[in-house]
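Just so you know, ligand 1 is whichever comes first in the structure, and atom 1 is the first atom listed for that ligand.
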Amino acid sequence: ARHSDDAGVVVIGLGRFGYHLAGALARLDHEVLAIDRDPARVQRWSAELDRVVQADATEEVALRQLGVADFARVVVAIGASVEASVLTVLALTELGIPQIWARATSEKHAKILHSVGAHHVVFPEAETGERVAHLIVSRMLDFI
Ligand code: ATP
């Protein structure tokens with residue numbers, strides 16, 4: 001893996017989305033620092049990912065101690081808890097992270113994420129649903 005200054009990415013939240021994202025980045029030869037507050041999740045993925053650490057990402061001090069401020073890109077992959085995702089983006093904004101990516105579960109969630117400083121907001125469930133709909137429709141054309 002390359003140095004954190006150029007190719008490093010922090011992934012916060014190792015649910016299904018965060019875990020697959022972290023794995024894909026690692027396979028693309030990016031250094032990944034993965035963070036989750038649940039010790040069981042950390043334990044589960046520590047054999048598969050290079051650096052997995054346990055911390056509450058809503059705590060700015062904890063993020064600073066982990067060296068998150070040295071990374072140019074951070075992805076907040078927390079989905080279910082709007083509060084945790086918003087507070088985490090806020091902490092990252094305080095750290096001055098240049099590229100904050102965040103996962104939203106609704107349009108209102110996305111608005112809040114933008115307002116607290118997220119630079120990019122993604123909707124994994126909505127985007128995948130749309131993509132699969134297009135795949136189905138394009139496959140149907142094969143039979144006409
Ligand atoms: P997915 O849909 O990706 O499977 P999920 O529904 O299992 O996600 P979420 O609530 O979206 O779970 O959380 C994703 C991960 O984020 C979980 O592993 C959870 O422990 C972690 N997480 C939640 N809050 C925090 C936090 N404050 N700091 C760090 N990690 C957190």
Side-chain angles (χ1 to χ4, degrees), residues 1-140:
R2 283 169 276 178
H3 190 259
S4 60
D5 288 346
D6 51 332
V9 184
V10 179
V11 175
I12 298 172
L14 297 174
R16 286 158 294 183
F17 172 64
Y19 167 68
H20 284 287
L21 175 73
L25 286 167
R27 285 191 293 278
L28 290 166
D29 202 25
H30 286 246
E31 179 196 341
V32 176
L33 168 60
I35 300 171
D36 201 288
R37 88 175 153 193
D38 178 357
R41 289 266 165 110
V42 171
Q43 172 78 28
R44 182 168 170 199
W45 301 125
S46 57
E48 263 135 294
L49 299 168
D50 268 356
R51 290 174 72 198
V52 190
V53 294
Q54 193 272 326
D56 180 349
T58 64
E59 300 289 345
E60 188 190 329
V61 174
L63 294 177
R64 206 180 282 281
Q65 282 169 355
L66 291 172
V68 171
D70 298 334
F71 286 78
R73 286 166 296 182
V74 179
V75 187
V76 181
I78 299 167
S81 170
V82 174
E83 184 182 354
S85 104
V86 168
L87 292 179
T88 298
V89 169
L90 190 61
L92 295 167
T93 305
E94 301 280 328
L95 291 183
I97 303 297
Q99 256 193 74
I100 303 170
W101 292 72
R103 167 192 184 181
T105 48
S106 70
E107 286 295 338
K108 282 181 185 169
H109 186 185
K111 272 193 181 176
I112 300 169
L113 292 171
H114 279 298
S115 73
V116 292
H119 305 100
H120 305 276
V121 175
V122 294
F123 300 84
E125 296 91 346
E127 285 159 10
T128 304
E130 264 176 52
R131 200 158 47 81
V132 173
H134 282 98
L135 281 174
I136 291 169
V137 171
S138 64
R139 291 278 159 78
M140 282 174 73

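The heavy-atom pair separating G13 from A77 by the smallest distance is O-CB, 3.5 Å.
Judged by distance alone, with hydrogens and angles left aside, the side-chain atoms of S46 form no donor-acceptor pair with the main-chain N or O of V52 at under 3.5 Å.
Listed by chain and residue number, the protein contacts of ligand 1 are G13, L14, G15, R16, F17, D36, R37, D38, R41, A55, D56, A57, T58, I78, G79, A80, A84, R103 (heavy atom within 4.0 angstrom).
Taking F123 as the reference, A104, E107, A110, V121, A126, E127 meet the side chain to side chain contact (heavy atoms under 4.5 Å, CB included) condition, with sequence neighbours excluded. In this view, E94 satisfies the salt bridge (Lys or Arg N to Asp or Glu O under 4.0 Å) rule with no residue, not counting sequence neighbours.
More than 12 heavy atoms of other residues, nucleotides or ligands shown are found within 6.0 angstrom of CD on E125.
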With a cut-off of 3.5 Å and sequence neighbours excluded, list every side-chain donor-acceptor pair involving residues 58-68.
from : atom 1 : to  : atom 2 : distance (Å)
T58  : OG1    : D56 : OD1    : 2.7
T58  : OG1    : D56 : OD2    : 3.3
E60  : OE2    : R64 : NH2    : 3.0

